[in-house]
Amino acid sequence: MAKELAILSDLALKIHQNAHVCSEFCAACVYFFLSCYCLVSDVGPTITCLFLCYIGCSVSNMAKLAPLEDPLLDGDSTSINNSDPIKTRGNENLTRYSNAGFFSILSFSWITPLITLGNHKTLNHEDLPLLATADSAYGVYPTFRRKLESECGSVKNVTTLKLVKVLFLSTWQGIFLSGLFAFLYACASYVGPFLIDILVRYLNGEYMFKNEGYVLAATFVAAKLVECLSQRHWMFRFQQVGVRMQSMLVEMIYAKGLTLSCQSKEVRSTGEIINLMTVDAERIGEFCWYMHDPWMCVLQLALALLILYRSVGVASLAALAATVIVMLLNHPVASLQEKFQGKIMEFKDKRMKATSEILKNMRILKLQAWEMKFLSKIIQIRKSEETWLRKFLAGTATIRFFFHNAPTFIAVVTFGACALVGIPLESGKVLSALAIFRILQMPIYSLPDTISMIAQTKVSLDRIASFLRLDELRTDIVQKLPWGSSDKAIELVDGNFSWDLCSPNPTLKNINLNVYHGMRVAVCGTVGSGKSSLLSCIIGEVPKISGTLKICGTKAYVSQSPWIQSGKIEDNILFGKEMDNEKYEKVLEACSLTKDLEVLPFGDHTIIGEKGINLSGGQKQRVQIARALYQDADIYLFDDPFSAVDAHTGSHLFKECLLGLLKSKTVIYVTHQVEFLPDADLILVMREGRITQSGKYNDILQTGTDFMELVGAHRAALSSIKSLERRSTFKTSSITDEKTNSLNDFEVEQNVEDIHVENDKPNDTVEPKGQLVQEEEREKGSVGFKVYWKYITTAYGGALVPFILLSQILTVGFQIASNYWMTVATPVSATAETNIGSFTLMVVYVALAIGSSIFTFATSFLAVIAGYKTATVLFDKMHSCIFRAPISFFDSTPSGRILNRASTDQSSLDMYIANILWAITLNLVQLLGNVIVMSQAAWQVFIVLIPVMAASIWYQRYYSASARELARLVGTCQAPVIQHFSETISGSTTIRSFEQESRFNDINMKLIDRYSQPKLYSATAIEWLNFRLDILSTVIFAFCLAFLVSIPNSMTAPGIAGLAVTYGLNLNTLQTKVIWFLCDLEKKIISVERILQYTSLPSEAPLVIKDNQPDCSWPSFGEVHIWNLQVRYAPHLPIVLRGLTCTFTAGSKTGIVGRTGSGKSTLVQTLLRLIEPMDGKILIDNINISLIGIHDLRSRLSIIPQDPTMFEGTIRTNLDPLEEYTDEQIWEALDMCQLGDDVRRKEGKLDSIVTENGENWSMGQRQLVCLGRVLLKKSKILVLDEATASVDTATDNIIQQTVQQHFSESTVVTIAHRITSIIDSDMVLFLNQGLIEEYDSPKKLLKNKSSSLAQLVKEYTKRSNSGFGN
């Protein structure tokens, strides 16, 4: 024997050493035949042969892959057999899976270099190999789309059934292969139960032929190896198919979202569509796990009945009847679970929709002190969701209880039938039946999950199909003509357009317009007259009722509300075009961006936060204009782009862009500023959706009243400036005295001029620089024990944990006891006698089965209760922390990261983590029970068990380092997909107008593939581990078999030995399940880790400080003292305000002006404590605002913000979300802000619908709603932050008069780019780069002709009088 082993070892060593010379296949064959020889000839080398099989399948491949590790990670290797490279679209690098050999794929060794690398360093996305073409969105989506359109004619005609059919046809090869492996697995798993009866008879001395024991052992082991291999590849293939399906659906949903009509957007919010991508598409991908379960269940049942009939005869019919009864329970259960799941998703959609809208508008919520009210709205929706979640989880627990006990129930019925019919029970037959019932336990146990998953998947498929059927933007609205085919750039004849086709009142009526190439056309009119709608109809966004619209040339569109993508400023400007440095510099100069970029820490490589959060309103608008200019289009459409910038910048933009770079282009611009009208070749005046006047400036001035109203308002504002310049006195002394006294309160002696000089001193300190938006935080290394501890102790302090563990131990104990009883209480053969009657046999067995069932029930429900409680507690805590986080958190955190946690991670907590956690403990207890049972027959199994378990633990630890990081990468790579989609939906009009849909689809597919990479490789890595663990557990089983067939029969009772083999058959399954669940938990627990990150966010100051609460009447005067105020947005960002000191006296009107980016809005945010100062302080009526609660501060101040915001709901809820005012007060406020008549014309009056983001109201109307809010509040301090930017001059004058009339005794701080809005102020504060450049009365500043304000007014009056073309 020693000689044989030496020869075998020598051969193995030589083959291994020459693996690089020998062909892979030949080497493996040698190993295989050597192993087979050992297996049939002797028992001793059995263990050796198993290891040789393993080496033959994997070592040569690992040796071959090792030198390729670095090139493969770089994605730059060549194929092993020098075949042509398989390339992914847009990338020349090879994928590791595509080029793996047969045995490398068989043993999953192709992933070994990645797992090895993960043990040496923290894996990053760049370390992952590329996806094979067939696994990438680029590879699968075009085929899927083509087949869907071929099947349905159009995506709009898709049904759930057709969607399923096309999904199947697009992935049928993978589905077929996984089904083949599933079939092999099912067949191989029944070999053991079939042979157990023969083995027991052999152990009882009933030999059929020589060496029968060794043949039986070899057959057992061979079947086990086939079972393991087929199971591993079945699991891998269906996960591969799942990734492909998810990629196809996510891209399909994205592409659909990019083409949705305005009506469809009202039906489905961004939050709802995000749910389709994150929850529904993922669930359909996960359904592949359960895809083969229905037919496998039938196959396994058929095989089970055949073997049972051989063992227990006609009693197998009783087993069939019991199984059918169990199956018949499926229908009502499936219906209930489908209903519950549908309701859960319905409320989850509502919650995500509300969350998405709130996150977009968190700044306004905090400014108005409304965030806690809106948090309660989220909590209320969640409570409704939890009602159905409780029912769903209770249903799941009940199903698990019944189906977990189904095998026991079937066994009781079968053995009871044997006792009644008189069929003798023998140990071998009982063990064979028990082994079958144990195998049947898996399909029956997984059946409830399958039913639940089918129900969930059907709901998800219905939801996606319903979304795909939504109306798309019609492509026939605009007739596109080839360039040069017409002398008209735009021709619109008898056009009638309406945002709502059901409305009897069209948005645009009888529009006739001819615009020739090279014309400049200005569009003006009052708020809500249809100016923006006219531009929207030209770019094809407004549904057409009738008429003809022809466009000749490419378009570039600049929206009224700036749309900026997250990312570098340079990328926003280039917008997919190649860099042309000369052209780029010209555009920057024309848009007055050069100086801004010099100030920014990284220039044009500065990363912009979500919605351009770290840019001012004017900077965002100029970036948007630069984007349009760089496209070099033929037709330019500007929707009031000058309202967001100061007067000087507006003049520069008009002169350099419209009259400069675009002088030969066709330009249509909407404007409320009359001074930009004289230079237009054609002016269109709009009212109530009609063009009431058209012509040149001087021509239409005399022909109608509409244009005269606008010009008259402008001239009135201009005359106020001129009268101010002529005025000889202006309260100078009194204001100066007030200001000096206020400064004395701070014990500061400097006057305004001193402050100016001091602030102009250069700042010598070195300021830290950094990007506002940082990479998403990702934990590294193993998930800390504190995360697990926090999870299990969140519910009732962990009080339920010991009870769950005790229930599981008792469950397994009773199960083992019942099987042990049936083994020892039945005779080994028909000739053996027993003293136990059939009645006693069954009574004891039933009693033990009932005991097991009781504790199964306790386990199921206690686990559900603990999991549900933990999910709800963490949800409440996370949302509370998010809503209390400072605004800097929302500025630097893309909403996709928060939505990902609220959606995907919360779903894991709700549905999965508790099940996985307690499945681990249950399987560990079962594994321990199996080892104890096996040791009763062959204690020597511990000789192999200990080293094999040590190897298993080593493998698991070796794998975990990579698995953790892959799981984390999955989490961090999903957020960009959500973020990109959210941005795309909000900017879909701009994207379509630039005809960039194809590029954005490409970007989305890249992001999907970036997400699919770690997801697929994570699935592969776990199969790599399971394959090796299966081999190791098979070693234990083989050793046990070898020992039992080799020892004398007298040493172990045949029944006990058979029981040990029965439990040994399940050993690898249990071990694999333990490791699988452990790894799955470690991946899923990252959801807990990510949620816990957001339960410990830094919080804003307390909402209310009871010990320092101001009086109810505070502020009674409204005097604001600012002293040495220094502000930066984050510690790693530069200082924005550099030591401001000034006073806004009580009841005064202060105008704040300055170039875009000078710090005007930052000062306002500091006043309302959205940003806390690094140094200095602000006092209001001698109370330091930093020492009181932020709700006490914000609720006493009023602000009309720069970005007008409305929320989904009604007019009433938008004006009064806290429900503090009567209808009469609301109507009064609406009348004062000039919206009363508009609202009265609406059918619902105060309950008129407001869609998401107020999209069904114009920008000007939204701004007037914001004015209505402050009129209701009537605070002593009012801040207007560009409050009139989106309205015409006439409406601006009305707003100014309204403010003067109703806030005459209030302190009003006005930030405005329009000189007319601030020229009547008592004081003007001129800021420049965070410093006070001027602070005095307008009279004094205008008297000094060199002052910045005087220069601004001079330029404004000059351009207003003469325009720019003269």
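- How far OG of Ser356 is from CG of Leu899: 5.5 Å, rounded to the nearest 0.5 Å.
- Side-chain atoms of Thr1095 come within 3.5 Å of backbone N or O of Leu1092 as a donor-acceptor pair.
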Apply side chain to side chain contact (heavy atoms under 4.5 Å, CB included) to the pair Phe890 and Ile898, showing each step before the final yes or no. CA-CA 9 Å; Phe890 300 96; Ile898 304 171; 4.2 Å; yes
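- Atom OG1 of Thr893 and atom CG of Leu359 lie 10.0 Å apart (nearest 0.5 Å).
- You'll find the ring centres of Phe401 and Phe855 outside the 6.0 Å limit.
- Considering all non-hydrogen atoms of both residues, Leu131 and Gln1013 come closest at CG-CG, 3.6 Å.
- Judged by distance alone, with hydrogens and angles left aside, the side-chain atoms of Tyr791 form a donor-acceptor pair with the main-chain N or O of Ala914 at under 3.5 Å.
- With a 4.5 Å cut-off on side-chain heavy atoms, Lys869 and Thr794 do not count as touching.
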When the side chains of residues 277-288 are checked against the rest of the protein, which donor-acceptor pairs come out under 3.5 Å, sequence neighbours left out?
from, atom 1, to, atom 2, distance (Å)
Thr278, OG1, Ile274, O, 2.9
Thr278, OG1, Ser903, OG, 3.1
Asp280, OD1, Ser460, OG, 2.7
Asp280, OD1, Arg463, NE, 3.1
Asp280, OD2, Arg463, NE, 3.0
Asp280, OD2, Arg463, NH2, 2.7
Arg283, NE, Gln456, OE1, 2.9
Arg283, NH1, Ser460, OG, 3.2

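- No donor-acceptor distance shorter than 3.5 angstrom exists from the side chain of Arg351 to the backbone of Gln380, with no hydrogens or angles considered.
- Cation-pi contact between Lys391 and Trp388: present, with separation from the ring centre below 6.0 Å and deviation from the ring axis of at most 45°.
- Residues satisfying the salt bridge (Lys or Arg N to Asp or Glu O under 4.0 Å) criterion with Asp1009, sequence neighbours excluded, are absent altogether.
- In terms of modelled atom types and a separation under 3.5 Å, the side chain of Ser880 and the main chain of Lys877 share no donor-acceptor contact.
- Using a distance-only test at 3.5 Å, with no hydrogens or angles considered, no donor-acceptor pair links the side chain of Gln974 to the main chain of Asn900.
- Side-chain contact of Thr116 with Tyr958: a donor-acceptor pair under 3.5 Å is present, judged by distance alone.
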Kindly determine whether Ser247 and Tyr1011 satisfy side chain to side chain contact (heavy atoms under 4.5 Å, CB included), including the steps that lead there. CA-CA 9 Å; Ser247 296; Tyr1011 168 64; over 6 Å; no
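- There is no side-chain donor-acceptor pair under 3.5 Å between Arg897 and Gln979.
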For His233 and Phe108, run ring-ring contact (aromatic ring centres under 6.0 Å, His included): C-alpha distance rounded to whole Å, both residues' side-chain angles, the deciding distance at 0.1 Å, then the answer. CA-CA 9 Å; His233 284 276; Phe108 300 97; 4.6 Å; yes
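- A cation-pi geometry, defined here as NZ or CZ lying under 6.0 Å from the six-membered ring centre and within 45° of its normal, does not hold between Arg232 and Phe1027.
- Using a distance-only test at 3.5 Å, with no hydrogens or angles considered, a donor-acceptor pair links the side chain of His125 to the main chain of Arg1010.
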Between Thr921 and Gln808, is a side chain to side chain donor-acceptor pair (under 3.5 Å) present by the stated rule, with each step listed? CA-CA 8 Å; Thr921 56; Gln808 289 180 338; 2.6 Å; yes
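- Remark: Glu1172 CD is packed, more than 12 non-hydrogen atoms of other residues, nucleotides or ligands lying under 6.0 Å away.
- Here the side chains of Phe1077 and Asn923 are in contact, with some heavy-atom distance below 4.5 Å.
- Checked by atom type and distance alone, the side chain of Thr387 pairs as donor or acceptor with a backbone atom of Lys383 at under 3.5 Å.
- When the ring-ring contact (aromatic ring centres under 6.0 Å, His included) test is applied to Tyr796, no partner is found at least two apart in sequence or on another chain.
- Counting all heavy atoms, side chain and backbone alike, Pro802 lies closest to Gly798 at CD-O, 3.5 Å.
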Which is it for Phe814 and Thr856 under the side chain to side chain contact (heavy atoms under 4.5 Å, CB included) test, yes or no, and what are the steps along the way? CA-CA 10 Å; Phe814 274 103; Thr856 302; over 6 Å; no
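- Every residue two or more places apart in sequence or in another chain that forms a salt bridge (Lys or Arg N to Asp or Glu O under 4.0 Å) with Arg884 is listed here: Glu1100.
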Derivation of the side chain to side chain contact (heavy atoms under 4.5 Å, CB included) call for Phe883 and Ile378: CA-CA 11 Å; Phe883 276 69; Ile378 296 289; 4.1 Å; yes
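- Side-chain N or O atoms of Gln906 include one that pairs as donor or acceptor with a backbone N or O of Ala871 at under 3.5 Å.
- Looking only at atom types and distance, the side chain of Trp918 has no donor-acceptor partner in the side chain of Thr859 under 3.5 Å away.
- Counting non-hydrogen atoms of other residues, nucleotides and ligands closer than 6.0 Å to CZ of Phe857 gives a total of 12 or fewer.
- Legend: residues meeting ring-ring contact (aromatic ring centres under 6.0 Å, His included) with Tyr868, ordered by chain and number and at least two apart, are absent.
- The main-chain N or O of Met235 is found under 3.5 Å from a side-chain atom of Gln239 such that the two form a donor-acceptor pair.
- Salt-bridge annotation for Lys121 and Asp127: present, with a side-chain N of the basic residue lying under 4.0 Å from a carboxylate O of the acidic one.
- For the atom pair OG1 of Thr870 and CD1 of Ile865, the computed distance is 11.5 Å after rounding to the nearest 0.5 Å.
- A donor-acceptor pair under 3.5 Å is formed between the side chain of Thr811 and the backbone N or O of Ser807.
- Under the salt bridge (Lys or Arg N to Asp or Glu O under 4.0 Å) criterion, Arg382 pairs with Glu385, Glu386, Asp910, not counting sequence neighbours.
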